[in-house]
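Since the structure comes first, as structure tokens, the remarks are kept for the end.
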Amino acid sequence: MTPGLRRQRALAEYTLAAMARRRGKNIGLVAVYAAVVFFVASAMLFSAALRREAAIVLSEAPELVVQNLLMGRHELMPGAAVETLAGIRGVAGAQGRLWGYFYDRVNGANYTLMVPFDPALIPPAGAAIFGEAIPRTRDHPWLGAPLFLSRHPGDLVRFNAAGQLTAAQGLVSSDLILIGEADFRAFFGLPPEVYTDIAVTIRNPREIDTIVQKAEALLPDARFVTRDEILRTYQKIFSWREGILVALAGASILAFAIFAAEKASGLSADEAREIGILKAIGWDMRDVIAMKLWEGGLVSVGAFLAGTVAAYLHVFAFGAALFAPVLKGWSVIYPDFPLAPEIDGIEMTALFFLTVLPYLAATLVPIWRIASADPDQVMR
Amino acid sequence: MISLRSVTKLYNEGRPNELRALSDVSLEIGRDAVTVFKGPSGSGKTTLLSIVGCMARPTSGRVLVDGRMVSGLPETFLTEERRSTFGFVFQRFNLIRGLTVAENVALPAAPLGPDPRALAARIETRLEALDLADKADTPVEHLSGGEMQRAAIARALINDAPVLIADEPTANLDTDLTHRFLDIVADLRAEGRSVILSSHDPRIWQSDLVDRVVGMADGRLAEVAA
Amino acid sequence: MSGRAPLPRATRRLRLVLALFGAGLAALALEAAHARLSRPAAELRMAASAELVRAAGLTDLALFTEARHSRNPALADLHTAFQDAPMSFGHFPSGSFAPRPAAGFGKGTLGFDADEVRR
Ligand SMILES: Nc1ncnc2c1ncn2[C@@H]1O[C@H](COP(=O)(O)OP(=O)(O)OP(=O)(O)O)[C@@H](O)[C@H]1O
Ligand SMILES: [Mg+2]
């Protein structure tokens with residue numbers, strides 16, 4: 001061990017001995033600080049995982065969705081627009097989407113009814129493929145039980161089970177009911193040759209902008225939503241929710257630093273005297289500061305480690321039980337899936353500095369003045 | 001060799017309660033000698049010792065340690081001087097409450113990066129010499145006055161500094177313990193170190209070990225005996 | 001020479017604390033390793049979802065199903081609150097700060113009322 005390391009060890013030993021005098025208070029301090037870090041870290045891990053999930057899953061969304069607008073509001077899309085869009089150079093294909101909502105008065109949930117693109121996914125007439133949460137929230141007695149939907153009092157529509165989507169796909173499909181086009185139009189009383197909107201497939205992603213420009217000229221009333229915009233929306237939603245939590249918790253970190261500075265600047269006469277004694281018996285300013293760095297470091301790094309380790313367990317082992325409602329919102333139908341564990345190194349580094357630096361500064365700054373004074377003055 | 005050249009120390013300078021604790025003190029303190037300051041309470045002994053030990057600065061005058069001017073140095077260099085040259089026993093002990101005797105004694109060694117086992121052995125030797133080994137793990141606030149005094153002495157000795165400065169080191173010690181302290185002084189002197197004491201205690205300034213007794217009165221020197 | 005002497009208390013205490021920090025660091029490393037190791041399985045799961053997104057032509061996550069206006073944040077539709085806000089797509093944080101009603105939703109029974117059946 002080099003002399004420098006041995007010196008650090010001796011200083012750390014003194015720091016610990018001094019902290020052990022108020023053991024309960026110092027452990028409490030670390031615990032409260034760790035709780036703050038835990039809060040921030042949970043929010044960060046959780047929304048980082050959701051952002052990643054959204055980015056990967058929605059990367060297969062249609063390159064472009066075209067909606068019809070009437071008086072600035074969303075309207076049904078006439079089928080003729082499909083041909084118009086498909087005719088634009090660079091467009092690989094256009095397909096009318098049929099989807100709509102259904103409010104189920106039995107359990108108070110909203111379902112999304114949809115006609116899938118892929119013919120392999122289209123169930124036979126009178127049957128449907130259910131999202132994972134639908135049989136669950138309707139208390140279906142057995143797997144494959146038919147679903148009865150009632151659009152108004154006195155009405156009952158039966159859908160046989162043609163299959164069920166897995167829980168692993170729940171994030172995009174838990175409230176989904178996939179049915180055939182004829183069933184869809186009959187269920188909603190939708191006239192033929194209109195669609196909810198149109199999905200456009202584009203061969204070369206770099207052409208999207210020009211294609212949108214051309215399409216705007218052809219369909220001046222339409223609204224165009226690109227896949228990039230969809231992805232960006234989700235990044236924003238989760239960043240926004242994370243941001244609110246981090247802002248709240250950031251305020252508590254700041255409050256904590258102020259508290260630490262307050263405590264240290266109102267250095268009790270005893271503490272000032274102790275520093276005077278240390279200086280009188282041969283400690284220099286650097287020794288005193290290194291000792292205080294150890295103190296601040298033990299508290300803040302300890303809080304960081306405890307907080308982040310617990311936050312990871314909280315988010316990925318216990319499903320973020322404490323924050324899920326704030327970060328995900330609540331609803332009757334709730335996708336039941338495990339988040340993919342992910343640690344964002346940059347965010348964690350930022351959190352580390354956010355935790356440790358203000359606290360170190362808060363403990364150090366007031367010491368400076370005392371540590372550079374003549375021991376004779378501080379000792380009396 | 002420590003020299004004071006017309007050292008004056010004013011407390012609360014320029015204020016109505018200004019106090020002249022030392023006036024125009026010039027003095028040479030030799031190496032490998034035992035020097036004792038004696039004088040009535042309030043005569044300035046503690047003030048003088050803290051100036052000699054680089055704890056306080058003179059208001060005017062100069063202090064030289066081995067020919068180096070220290071009175072004008074910034075605080076950073078004074079610490080270095082304190083650490084490398086002096087071991088200090090304070091009149092009011094200045095032990096750190098809440099720490100044990102052994103932890104207090106170890107303090108001056110911490111910035112030097114000691115080996116923990118070797119340091120522990122050194123502490124034990126020092127405490128044994130002062131008959132305090134059984135209190136090593138007792139928090140200092142539970143000690144008696146004499147035990148605190150011995151803990152403070154042990155702390156001043158732990159770095160084997162060339163100069164031991166002790167302010168009233170035997171004020172709380174009985175005769176037997178005073179003799180133990182004098183034994184330590186004898187050892188230091190034999191090793192070629194200097195010892196600078198202040199004392200009211202006749203057992204100290206009448207001891208054969210003492211090379212020089214310096215009298216003090218009202219912040220001035222009054223040479224007594226050689 | 002003093003190699004077998006017991007370590008002083010302060011040194012033992014420091015070792016204990018450093019061991020705790022080491023354990024914390026190891027736990028963090030373990031969690032990072034866990035995240036790394038569970039990646040293939042998670043990617044498989046996400047690939048299944050992505051495949052469904054492609055096959056059905058989906059555009060949104062089924063997270064905010066509590067109301068029609070929040071189901072498809074990326075798309076404006078007839079029900080979307082704040083649609084076409086200059087900087088963002090419609091997104092209404094309905095459930096974020098209000099607790100879910102304790103009583104729950106719905107009547108718990110299917111279809112028509114008893115007297116309607118009689119009619
Ligand atoms: N920090 C200070 N501020 C103001 N006055 C002081 C201060 N320190 C000492 N004095 C005064 O200086 C004078 C000399 O004090 P000093 O402590 O040097 O005396 P002493 O010879 O050590 O006395 P004793 O034998 O009682 O310890 C005293 O009158 C004391 O009140
Ligand atoms: Mg005195």
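Convention: sequence-line order gives letters A, B, ...; per-chain numbering from 1.
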Could you tell me which portion of [X] (side chain, backbone, both or neither) has an atom closer than 4.5 angstrom to a non-hydrogen atom of chain C?
X      : value
A/L176 : side chain
A/R227 : neither
A/V301 : both
A/A199 : neither
A/T15  : neither

Count the heavy-atom pairs under 4.5 Å between each of [options] and chain C, then report the option with the highest count.
options                        : value
A/S59, A/A61, A/A120, A/A306   : A/A61
A/G170, A/A20, A/P116, A/G131  : A/P116
A/D118, A/L313, A/L171, A/D197 : A/L171
A/R9, A/R151, A/Q169           : A/Q169

Task: Option that, when pairs with chain A are counted at under 4.5 Å, heavy atom only, ranks first among C/A47, C/A32, C/A42, C/A56 - done: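 Between C/A47, C/A32, C/A42, C/A56, the count favours C/A56.
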Open item on the list: Do C/L58 and A/M114 make a side-chain contact, defined as non-hydrogen atoms from C-beta onward lying under 4.5 Å apart?
Closed with: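 A side-chain contact under 4.5 Å exists here.
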Task: Heavy-atom side-chain proximity of C/E31 to A/F316 below 4.5 angstrom - done: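 Heavy-atom side-chain distance check fails, nothing below 4.5 Å.
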Ignoring hydrogens and angles, tell me if any N or O in the side chain of [X] forms a donor-acceptor pair with the backbone of [Y] under 3.5 Å.
X      : Y      : value
A/Y234 : C/D60  : no
A/R97  : C/G57  : yes
C/T59  : A/I230 : no

[atom2] on [Y] to [atom1] on [X], rounded to 0.5 Å:
X      : Y      : atom1 : atom2 : value
A/L165 : C/L52  : CG    : CG    : 5.5 Å
A/E342 : C/R39  : CD    : CZ    : 4.5 Å
A/F117 : C/R54  : CZ    : CZ    : 10.5 Å
C/L28  : A/T308 : CG    : OG1   : 4.5 Å
C/H34  : A/I343 : NE2   : CD1   : 10.0 Å
A/R52  : C/M46  : CZ    : CE    : 4.0 Å

Open item on the list: Applying ring-ring contact (aromatic ring centres under 6.0 Å, His included), can you list everything that pairs with A/F224, at least two apart in sequence or on another chain?
Closed with: none
Task: Derivation and outcome, salt bridge (charged side-chain N to carboxylate O under 4.0 Å, His left out), residues A/E53 and C/R45 - done: CA-CA 10 Å; A/E53 196 98 22; C/R45 179 175 60 71; 2.7 Å; yes
Open item on the list: Suppose a student defines contact as a heavy atom less than 4.5 Å from any heavy atom of chain A. Which residues in residues 16-24 of chain C would they list?
Closed with: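 The residues closer than 4.5 Å to chain A, in numerical order, are C/V17, C/F21, C/G24.
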TODO: Identify which part of C/R36 has an atom lying under 4.5 Å from any heavy atom of chain A, answering side chain, backbone, both or neither.
DONE: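 Contact with chain A is absent: no heavy atom of C/R36 under 4.5 Å.
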TODO: Apply the side chain to side chain contact (heavy atoms under 4.5 Å, CB included) test between C/S49 and each candidate in A/V172, A/L58, A/I56, A/T166; give the one that qualifies.
DONE: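 With C/S49 as partner, side chain to side chain contact (heavy atoms under 4.5 Å, CB included) holds for just one option, A/V172.
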